[in-house]
Structure formats: structure tokens, C-alpha cells
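Here is the structure we will look at, set down as C-alpha cells.
All values derive from a computational prediction rather than experimental measurement.
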Amino acid sequence: MTTAQTEGLIGMLTVLGILVLLALPSLIGIVHDRRVDRQIREARVRREAEDLRPADRPLRRQPYFTTTVTHHS
């Protein structure tokens with residue numbers, strides 16, 4: 001291997017190393033987003049399955065209430 005070939009190999013490896021350093025955060029983000037999406041889909045399926053079960057527990061109370069306001073003179 002000549003000096004020119006060695007320098008070319010070192011240059012190519014340097015460029016590939018920089019490419020990996022630049023692309024790695026994006027790849028990690030893509031993997032993270034896919035995992036979060038999968039967890040959301042699984043939670044949605046569990047919630048739908050829970051909603052389809054027979055009502056063996058009392059209904060939840062609504063977190064709000066309504067009132068009728070009348071004006072008394």
C-alpha cells in the first residue's frame with residue numbers, strides 16, 4: 001500500500017466517521033419516535049379493550065357538574 005493509498009483510506013475513514021457522528025442523533029431520534037408510537041398504539045388497544053369489557057364496576061363520576069342559575073329580585 002502506497003502513501004497515497006494510505007492517505008486516501010485515512011481521509012475516507014475520517015469522512016465516514018464524521019457522517020456517522022452527524023447521522024447518529026437522527027437515527028437515535030427515529031428509533032425513539034417509533035418506540036413511543038408503538039407504546040401509544042398498544043395503550044390505545046388496551047383502552048379500547050377495556051372499554052369493551054362488561055361494566056363490572058360502577059360508572060365513574062363526571063369531573064364536572066352543571067347548575068341552574070336564576071335571578072332572584
**Message:** Test your reading of the model: is there a side-chain donor-acceptor pair from E48 to the backbone of V45, 3.5 Å cut-off?
**Reply:** no
**Asked** Does the side chain of R46 come within less than 4.5 Å of E50's, by heavy atoms?
**Response** no
**Item:** Atom pair CD1 (I10) and OG1 (T3), whose distance is rounded to the nearest 0.5 Å
**Value:** 10.0 Å
**Item:** L13 with M1, same ILVMFWY side-chain cluster at under 4.5 Å
**Value:** yes
**Prompt:** Do you reckon L27 sits in the same ILVMFWY cluster as V20, going by side-chain contacts under 4.5 Å, direct or chained?
**Reply:** no
**Request:** Quick one: pull up CZ in R47 and CZ in R44 and give me the separation to the nearest 0.5 Å.
**Result:** 10.0 Å
**Request:** Look up atom CD1 in I28 and atom CG in D33, then write down how far apart they are to the nearest 0.5 Å.
**Result:** 12.0 Å
**Fill in**
Rounded to the nearest 0.5 Å, the NE2 atom of H32 sits from the CG atom of D37 at a distance of 10.0 Å
